[in-house]
Amino acid sequence: MTAYATDPVAHLTPERWADANRALIRKGLAEFAHERLLSPQELGESRYKVLSDDGSTEYRFTADRFALDHWQVYAESISRHRGDEQLPLDALQFITELRSSLGLSDEILPVYLEEISSTLAGTAFKSTKEPVTSAELARADFQAIETGMTEGHPCFVANNGRLGFGVDEFRAYAPEAASDIHLIWLAARRDRTTFTAGADIDYETFIRAELGDGTVDGFAATLASRGLDLADYLLMPAHPWQWWNKLSVTFAAEVAQQRLVYLGEGDDTYLAQQSIRTFFNTTDPAKHYVKTALSVLNMGFMRGLSAAYMEATPAINDWLHTLIESDATFRSAHFSIIRERAAVGYRHMEYEAATDRYSPYRKMLAALWRESPVPTLAEGERLATMASLLHVDHTGASFTGALIKESGLAPTEWLRRYLDAYLMPVLHSFYAYDLAFMPHGENVILVLDEQGTVSRAIFKDIAEEIVVMDPAAVLPPAVERVRAEIPEDMKLLSVFTDVFDCFFRFLAATLATEGVLDEDDFWRTVAECVRAYERSKPELADKFAQYDMFAETFALSALNRLQLRNNKQMVDLSDPSAALQLIGDLTNPITRFA
């Protein structure tokens, strides 16, 4: 970090920039081909080419093809040609040369280019960190793994936009920077602020447990020095970026009229997680995560938090926790969630009067507290974000391969234990309760035993991500929000897209490319897990027939197409299924193992 004190852009060197551009173009060729935006022409012996929109520029590369129309493009094989001239690889030019193929409008193109630029800069920054092998990372602690990820979302090409962060803020708040962060604390007038919590939690006890008596009493003294009484306010955390760049300006009227009072930083240190606006308490890992509003554009959404949504969050989590705890199948898998136990939201009345409920102006000041998984660990257990299973180090070795080697198990046995911990609860939620999670890598924490084997899975990000698809399900009034009308033929996409296409597709190809596990063996093991669950639940036979996991094909739901169409709000939150981009079908890789 000393170099950055004198040169804040020390990571932006020609060599690092060239490597970052090559890596991003590799991903662009792979994922845009997968989503059928590009149609590579075969040149023979795993060689392909893609032509620019005007046909004048040609990208040549080597790739292997895997199940689910996955393109494993090899970065070092890529070259760019115009006539007899070989040109340097440039990701911004790659996008503009293919803008028509990618469907980029005049309005979206420059913002997308900015997201690409930021993603490249993030890749260049990550390359300055001391290289850590996957074998070393596989023995590292939870937060070292969390901050050691180098790729981000596996599907999205522009997956590290964070538009709004300056370079200094990137170094301060990006998870890969692994910088200690102190949250900003505000006093918010009770008549504009709502605090809700689980049934067994009261505000005073909870906030003192999180902050400590000394800090709370100090904040009370700060308010008293201004002639204000803490009893008239609720304490709420804010992301430092949000305070300095948004709240202190956009909410200036609230500050001036003392409806919001700046109290300063809290004592505890935190680390940003992969989701960027969620923080892990490193001072006391047993304390809650804190998730804050962050008005930064990242991967298709402004990452705010709705004060209105926060109100029902603890009740939704308590309902789901009770459901899971009372279900023998979930218990047998040792499956659990980490609950969002308390939430607070501030309502700016003037912005509310001027906007609809989906406006980013209504999502600028709210926070929630989520349980930490650390207190649940038994002796010898450790944690890893599931996103780490897709991590490949600078030598080409995978994190998953390192865990399999460490375990001493056959690769299919290691995989089956992981599937029983992760996939089986996803299936049971769907078939027994018409309940779907958003179970991508960042939303799942794996518990590993001493040998590196997955023993159980913990799901998180509950209230904003789960959906109940049964129109007849009886839900408590506070939980009604999670019910959604999903067309019958799209319900199972919650498994096929989120699990198969957006996670297993990459994991299978990574292990096959590395020579750890043959692709057929991977998908055969997945099929065995699915069939074992079905055999264990004969009472759900009609549901298995209605929603067939062994169907020949399923629809390809194209995520990049959403971002390319509208990178400020990919999905209409009032009707998420209607916004999906379904582009033909994919062959189901487990059908032949039925």
Side-chain angles (χ1 to χ4, degrees), residues 164 169 172-173 180-197 201-270 277 279 281 283 287-296 303-311 313 342-355 360-369:
E169 294 158 334
Y173 307 131
D180 286 342
I181 294 168
H182 290 264
L183 297 176
I184 297 294
W185 282 86
L186 305 171
R189 288 283 304 186
R190 286 178 178 263
D191 57 1
R192 295 206 171 196
T193 312
T194 301
F195 176 89
T196 50
I201 293 173
D202 70 273
Y203 168 77
E204 184 73 20
T205 304
F206 181 83
I207 210 72
R208 286 186 175 273
E210 283 296 303
L211 283 170
D213 289 337
T215 299
V216 173
D217 293 343
F219 288 163
T222 299
L223 289 169
S225 70
R226 301 184 187 185
L228 304 172
D229 187 347
L230 179 60
D232 297 327
Y233 291 84
L234 293 173
L235 298 177
M236 61 188 306
H239 193 295
W241 185 95
Q242 191 76 352
W243 167 254
W244 294 113
N245 292 275
K246 284 293 179 184
L247 301 175
S248 58
V249 178
T250 310
F251 281 39
E254 309 303 284
V255 177
Q257 297 173 78
Q258 298 184 320
R259 291 192 284 261
L260 283 178
V261 181
Y262 172 75
L263 298 171
E265 294 182 344
D267 293 331
D268 287 358
T269 58
Y270 291 84
R277 56 181 170 159
F279 297 98
N281 191 316
T283 299
K287 285 186 180 180
H288 291 76
Y289 288 89
V290 180
K291 184 175 182 178
T292 60
L294 183 63
S295 299
V296 165
R303 297 292 165 172
L305 276 183
S306 164
Y309 261 49
M310 289 305 97
E311 194 166 346
T313 288
V344 62
Y346 184 86
R347 299 180 63 189
H348 191 299
M349 300 305 185
E350 290 72 26
Y351 286 131
E352 285 197 12
T355 60
Y361 285 94
R362 295 194 183 197
K363 302 177 182 180
M364 287 189 179
L365 185 50
L368 63 81
W369 288 267

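For reference, positions follow the sequence shown, starting with 1.
Under a 3.5 Å cut-off, the side chain of Lys291 and the backbone N or O of Leu368 do not form any donor-acceptor pair. At least one donor-acceptor pair under 3.5 Å links the side chain of Gln242 to the backbone N or O of Ser295. The backbone N or O of Tyr346 sits nowhere less than 3.5 Å from a side-chain atom of Thr193 that would complete a donor-acceptor pair. Side chain of Thr222 to backbone of Gly218: a donor-acceptor contact under 3.5 angstrom is found.
No more than 12 heavy atoms of other residues, nucleotides or ligands shown are found within 6.0 angstrom of OH on Tyr361. Other residues, nucleotides and ligands place no more than 12 heavy atoms under 6.0 Å from the CZ atom of Arg347.
Cation-pi check for Arg303 over Tyr173 is not met; the charged atom does not lie both under 6.0 angstrom from the ring centroid and within 45 degrees of its normal. Annotation: cation-pi geometry satisfied between Arg189 and Tyr233 (NZ/CZ under 6.0 angstrom from ring centroid, within 45° of ring axis).
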For Met236 and Leu365, run side-chain contact (heavy atoms from CB on, under 4.5 Å): C-alpha distance rounded to whole Å, both residues' side-chain angles, the deciding distance at 0.1 Å, then the answer. CA-CA 9 Å; Met236 61 188 306; Leu365 185 50; 3.7 Å; yes
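In this structure the side chain of Met364 never reaches within 4.5 angstrom of the side chain of Tyr351, judged on heavy atoms. By the 4.5 Å heavy-atom criterion applied to side chains, Val344 and Trp369 are counted as neighbours. A heavy-atom distance below 4.5 Å is not found between the side chains of Pro240 and His182.
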